Structure formats: C-alpha cells, structure tokens
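Everything below concerns the one structure shown next.
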Amino acid sequence: MSIAVRLPDDSLRQLPDGATGADLAAGIGTRLLDAALAIRMDGRLSDLKTPLNDGASVAIITNKDPESLELIRHSTAHLLAQAVKRLYPSARVGIGPVIEDGFYYDFLVEKPFTPEDLPIIEAEMRKIVQEGVEVVHEDLGRDEAIARFEAMGEPLKVEVVATIPQGDRISGYRQGDFYDLCRGPHVPNTGKLKAFKLLSIAGAYWKGDERNAMLSRIYGTAFHSQKELEEHLKRLEEAKARDHRKLGKELGLYSFHPEAPASPFFHPKGTVVYNELVTYVRELYFKYGYSEVITPQILDVALWKTSGHYENYAENMYFTTAEEREYAVKPMNCPGHCLMFGSQKHSYRDLPIRYADFGRLHRYERSGVTHGLTRVRTFCQDDAHIYCTPEQIKTEMAAFLALLKEVYDTFGFEGMRVALSTRPEKRLGSDAIWDAGEAALGAALDEAGMPYTLNPGEGAFYGPKIEFQILDALKRPWQLGTLQVDYMMPERFELAYTMADGTEGRPIMLHRAVLGSLERFMGILVEHTAGAFPVWLAPVQVAILPITDRAHAFSTEAAARAKAQGLRADLDLRNESLKAKIRDAQLAKVPYMLVIGDREAEAGTVSVRHRHRGDLGVQSLDDFLAGLAQESRERCR
RNA sequence: GCCAACUUAGCUCAGCUGGUAGAGCAGCUGAUUCGUAAUCAGCAGGUCGCAGGUUCGAAUCCUGUAGUUGGCUCCA
C-alpha cells in the first residue's frame, strides 16, 4: 500500500502507507528534515510526525514560514512549563498561550515567582534544549484526559478539559518528564528552540476573573534566531526611551503628585502644547460648524439619575455634599448639554446643533489601572454632542469622518482601523432601540466604504459606538476618536424639536471626539514624536544662542522680534560655551537654534541649526522668522 | 481592587550579610568671552516615601500605609 501527497509546487509524491511529515521531509532531503518544524496538511497546521492522509496537500513548515514563529513561541511556553515543573515540582500549571510578541505561562504556586527566579528558570530551559527532548503528540479521550490530569495533581488542567466542547478532539503532549494538555502543534524536539528570553513576572487571575485564584505568570518571547531576539529587545528599549512618563519629566511638560493620584499637573511647557491642541481643535470647530459651550463641574445627583449615570456609572464617579444636597462631579458633559438643549424651543430648521465642550471631567479609576497620561482620573476631551434628526445621522457621520481624517493627517497618524462596539450587559433602553442604533452605525460605515470589526458588548451604556484606531510612529495601535449614537438620553431628558408639520420630534444625540482625552492624546503624541514636537506644538520653537556677550544686544533684539510675531523664542544669555548651549537646546528638542556671533550681530543675520538636520547655514533674521512663522501657521509635521 | 516589584539630594543612581549617608548632572558663587551636543574651580543641598516595631544601634530587618511600575484569558 502507498499513498500520494501533493506538495506546494503541485508535484505528487508517493510514500508508504502510514508515512509521516517527517518521512516526507526526509525523502526530500536531510537538510529539509533538519529545518522542518511542522507540516501544513490541507490548510491545517499539524505536527511533523503526523501520519499523512492519502491525496492531501502537504507543505513542510520551516523557519522561513511565517506561522512557524507562533509554533516556536508555543513550544517555548511548554519548555518554560517543563523547566518550572523540574525546579518547583509543587507548581501547578495553568495555561500557556502565544500572545502578540511572545508567550506566557501561568502557574499556581505557594510563593509567587520573583525576578531573580527568571535566570534560573531560563538556565533550566537551556538545559532541556541541550538534552534535545523529543516532543510527542497523543490523542486523549475526555475521561482519559480528566483522569490523567487528576492523577498528575493538575486541577487547573482538569478544569480546562471540562471547558473543551463535546466532540472536539483532546490531545496531550509529552516531552520527557513533562506532560501537558495542548491542542498543538509543536516543534518535534526541544533542540529546535534556540532564541528565547523570559521577560517579566506578573500576577494574573485564573481565567482573568478576580474572583478566581491569583496565579503567577511568567512572560517571555522567542524568535528563530538570536539576532531577531536581540532586535526585538532593542525595539523594546526604543519604546522605553520614548515613554511619555520619562520624556514628560525630562522635558518639563508635566508631573504627578501623591496628593492627586493619577492626575497630571501640566507645567508651563506642557501647557503650551495642551493649549495649542485646543486652539487647533477650536479652529476646526469653526470650520465644521460646532458651537463651543461652557458648563458646570458639579451638578445635582438628580441630573445623573435622569441621565442614567447614577445607576450605570456611579462606580466611576466622585460625589460631594453641600447644604445637605448631594452632587456629583461630572464624568461626562452630555447631561449638561441636554439641559441646555432642553432650555429652549428648537425647530427642525435649527438642527443639527453641535455643542462642543472642553469641560474638565473626573472619573474614578481603580488604583491599579491608571497609567501616566494615558489613563488618568481627570481630563478634558475634545468632546461634542450633536443633536440631529434621524435623517441627518448619515451626513453628520460623513462630516465627522472628514474631520477625523484631517486631524490624523496633521499628526501623521496612519493605518486607521474602525471597530463597532455593540450593546454591553449593563445598558439602558430596549433591544429594538439598540438594534436601530447598531444598524445605523453599521450602515453609515458601509456607506462610507469603511471596513470595520465588531467589539461585541463594548458599547457605552446609552448606545453603541464606533471607535477609531490609528498607528503611531512605532506602529503601535491607539484608540483615539469615537462616535456614538444615543437615543436614550434625549428620551430621558424629554428633548424635542418642532417638525415641519408642527408636531414634536425627538432628536437623536451623537457623542463624538476626535483626539479623545487631551491628556491621553498628549501622552500618545509624546511617544509618537519622541518628544520632538512639530514647530506649531513645540514649547520653545527657537533657541537664540549668542556666542559671546558682544552678541547679546542683537540676540535680545532677535528674541523680541520673534516674540512680536507670536513665536516662542528662548534667549540663552547664560555664561556658557556655545557647545553647551547647543547641547541643552538639543536635549530640550527645540526645533531651531540660532547661533549669533560677531559676524551675525554685525550683518543682522543668524546661523541656523535644526535639531535633526544640523547646520543650515546663515540667513537674514527676517527671512528666518518669516519661514518659522509659516511653518508654525501651516502646522507642518 | 488583587499579585509582585520599586520609593535614598531637583534629576539619574551607588550604598555587601544593620554600625551615625555618597557620586554624576542640575543649582549657587567665581574665573573664562569661547563658532555648532557638556570650560574650569569652589560652595551648598537629604530626619533615606510616611507611621509604627525589633535592636545598644535601622536607609538596611519586620508590620502597616501612600504613591509609582509590570500585570490581571489575543482562551488547552
């Protein structure tokens, strides 16, 4: 008996019955057998030693195939578990999946791991690699699997087996003294795992649920080669160097204080950036027909009961009492806007009405989840609420998309992705209303030709939302903009407008933001630009550096003239060498430096240096200032 | 909130197993007047996050507390 399989180049190959992927690879060449990690049979990844089916299409997976990276990481996770079990026999294993840039494995241990354990575990892993332990697949019956893991004293694995749907195949893998429940596939031998590193320790709840036991998680990563691993570690370093918390401190932008946990203090330089962002958004509001409003910070709880926040959002709100009356600090602007809308009669001719509000919001976030500027307890949004008729949703949405694209283009954010978040468990309103809202957003996206993914259950309590995600300079994704339809709040506040036939209609409310929170946006922007803001945002746009005090008079004049044009100039009259002044300006990431010595002071010129492009030569002060003003005005990147 | 780690001068960090706190940079003073990433010298600066405890003695050990950091299912 023999079988035939089809190779990727469409050739057929005859093999004896029962032959495996390894046999196939060996038949083609010993070097291929050596490089082989797994096979893909009829589109499905499988172990190298899987028996081949007659007539199947089979490809040998090696390091060159993209799917092999995941394979290696998964097998490295197992290698980690094996090493841990050898070193700490009492440890119970949880799960060990592959994640974005590596893998993790969770363990139930009496004493959590410490960072000092990592090198020890890693050394044991290398030992197992040296041993070249064979990794063997085994099919298991459900009862057999449960019995086996019970016998092994692995309660978490037993629990996992119980969650595997009836009818699914259950399989285990043996590698020497270690046995694990796993879907696979895996590399055939631990000797194939060459480049890996354990990175960190973290506590993690079993199944991510805080009611469950806390496990000790070890994160690691693996690559095909040491070189790729090192490159990856270098990228991590780069990201660390751009960390907005570090740069914010170094550049004097903002600080945090225990007196106001997770609440930023913007220093003068950070405030310049912040205000420039607001100015920019204001200009766009003018262009796109928004009206800015100002609303109170603290409002009676009665309002929050009307809006539904009291029932659905109270755990994120701050409360306060005065004269025995209970108030809440606003976590959102929308209820205030509804009061304003409702205070006047509106005609269909007035709609849409777009209220924009930079009001300061406070939201209580659990202490463990705050993070620098990106997750804070007080912030402002470039927030606006659009009251419109049902027919106007589509045009409003199209206009919003145009606004969004304009803004993201200004900052150089690319790779926009869109997600539609649907009804959460905790919500207001009937299913019919949610059906309508989700359908309206979906249809609007379809009409705009924007592909999107679904985030089931991630919507706001008052309505579904669209979230817009971009990629920064390091290709990391960030969610910025959002657009939400809300039928509920107009209903609860009994908002109305007079329709053409004289009867009353209920407006639809759209919640939307482009930058999202200004605080968070600033953090993202610091990382995106590595702190080197474009001229229009730079706290100091030009540093004026006299070489000797003979040049002080002209330098002072240059600074005054820059200031007269609305430019932010810093005059460095310190008794320091030019080199030192340049170094300080470079470290402060000032876009332009003007070197002024005797020659320049004499001729009324400046020697221009750019923070990235270096010495740009001499030009007249007027020409330089005109160019700088233009670069700032046009918001060049 | 939970698990773990961290918290020493304005900043970045030393300070071994407990024996009365140190550097660089920044700051201040003075000298130097200099051409594209740090001129030199001197001075000053900390009740070691906070509160208890152990000890003859605590930055160091223990307990509590605050803040920060890494995480808390991209499902065997």
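For clarity, every value in this text was computed on a predicted model and none was experimentally measured. Letters A, B, ... mirror the listed sequences (proteins, then strands); counts begin at 1.
The pairing partner recorded for B/rG46 is none, the criterion being a Watson-Crick or G-U wobble arrangement whose two distances lie under 3.5 angstrom. In a base pair of the Watson-Crick type (N1 to N3 plus N6-O4 or O6-N4) or a G-U wobble (N1-O2 and O6-N3), with each distance short of 3.5 Å, B/rC16 is matched with no nucleotide. Across all strands shown, B/rU60 has no partner, as no Watson-Crick or G-U wobble contact with both distances under 3.5 Å is found. B/rC2 is paired with B/rG71 under the Watson-Crick or G-U wobble criterion, all donor-acceptor distances under 3.5 Å. The partner of B/rA21, taking Watson-Crick or G-U wobble pairs whose two distances both stay under 3.5 Å, does not exist in any strand shown. The nucleotide B/rU7 finds its pairing partner in B/rA66, both defining distances of the Watson-Crick or G-U wobble pair being shorter than 3.5 Å.
Each of A/E250 and A/V608 was assigned the nucleotide of RNA chain B with the nearest heavy atom; the assignment lying further toward the 5' end belongs to A/E250.
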Given protein heavy atoms under 4.0 Å, the one-letter contact record of nucleotides 38-50 of chain B, with B base, S sugar-phosphate only and - none, is simply BB-----------
Which letters describe nucleotides 68-73 of chain B, given B = protein heavy atom under 4.0 Å from base, S = only from sugar-phosphate, - = neither? SSBBBB
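The closest side-chain donor-acceptor pair between A/D472 and A/W478 falls under 3.5 angstrom. Judged purely by distance below 3.5 Å, without hydrogens or angles, the side chains of A/Q175 and A/T190 never pair a donor atom with an acceptor atom. Using modelled atom types, one finds a donor on one side chain and an acceptor on the other under 3.5 Å when comparing A/E138 with A/Y179. In this structure, a donor-acceptor pair under 3.5 Å is present between the side chains of A/H224 and A/S68.
B/rG49 and B/rU7: their P atoms are spaced 8 Å apart (whole Å). On the P atoms, B/rU60 is 13 Å away from B/rA51, given to the nearest whole Å. Annotation: B/rG18 and B/rC75 have their P atoms spaced 48 Å apart (nearest Å). Annotation: B/rC6 and B/rG19 have their C1' atoms spaced 26 Å apart (nearest Å). Using atom P as the reference point in both B/rG22 and B/rA44, the two lie 13 Å apart (nearest Å). Comparing the C1' positions of B/rG57 and B/rU68 gives a spacing of 32 Å, expressed to the nearest Å. The P atoms of B/rG10 and B/rC50 are separated by 12 Å, rounded to the nearest whole Å. B/rC48 and B/rU39 have their C1' atoms separated by 34 Å, given to the nearest Å.
Rounded to an integer number of Å, the gap from A/H74 NE2 to B/rC75 P is 11 Å. In this entry the distance linking CG of A/D584 with P of B/rA26 reads 8 Å, nearest Å. Between A/I547 atom CD1 and B/rA37 atom P there is a gap of 12 Å when expressed in whole angstrom units. In this structure, the CG atom of A/D117 is 11 Å from the P atom of B/rA5, given to the nearest Å. B/rC75 atom C1' lies 13 Å from atom CD of A/E159, rounded to whole Å. Following rounding to the nearest Å, A/R574 (CZ) and B/rG27 (C1') show an atom-to-atom distance of 12 Å.
Within the 4.0 angstrom heavy-atom criterion, no nucleotide atom of any strand lies near A/R211. Within 4.0 Å of A/L587, counting heavy atoms only, lies at least one base atom of the nucleic acid. Within the nucleic acid shown, A/I170 comes within 4.0 Å of at least one base atom, counting heavy atoms only. Counting any heavy atom pair closer than 4.0 Å across all strands shown, A/S171 reaches a base atom. Across all strands, A/E70 comes closer than 4.0 Å to no nucleic acid atom at all (heavy-atom distances).
Ranking B/rU33, B/rC3, B/rG35 by closeness to the A/R550 side chain, first place goes to B/rU33.
A donor and an acceptor atom never sit less than 3.5 Å apart when one is taken from the side chain of A/E259 and the other from the base of B/rG67.
Ring geometry for A/H244 versus A/Y254: interplanar angle of 30 to 60°, hence tilted. Note on ring orientation: taking the six-membered ring where Trp is involved, the planes of A/H78 and A/H186 are tilted (angle from 30° to 60°).
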Mind running side chain to side chain donor-acceptor pair (under 3.5 Å) on A/T378 and A/R360 for me, showing each step along the way? CA-CA 7 Å; A/T378 175; A/R360 178 144 299 275; 2.9 Å; yes
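Side chain of A/K207 to backbone of A/N212: no donor-acceptor contact under 3.5 angstrom is found.
Scanning both residues, A/T76 and A/A222, for their nearest heavy atoms gives OG1-CB, 3.5 Å.
For A/F107 and A/Y88, the ring centers are positioned 6.0 Å apart or more.
A cation-pi arrangement is not found for A/R423 relative to A/F461, the charged atom failing to lie both closer than 6.0 Å to the ring centre and inside a 45° cone about the ring normal.
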What pairs of donor and acceptor atoms, side-chain ones from residues 310-318 of chain A against any protein atom, are under 3.5 angstrom apart with sequence neighbours left out?
from: A/N312; atom 1: ND2; to: A/G308; atom 2: O; distance (Å): 3.0
from: A/Y313; atom 1: OH; to: A/R363; atom 2: NE; distance (Å): 3.4

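For B/rU12, the OP1/OP2 oxygens have a side-chain nitrogen or oxygen of A/K249 closer than 4.0 Å.
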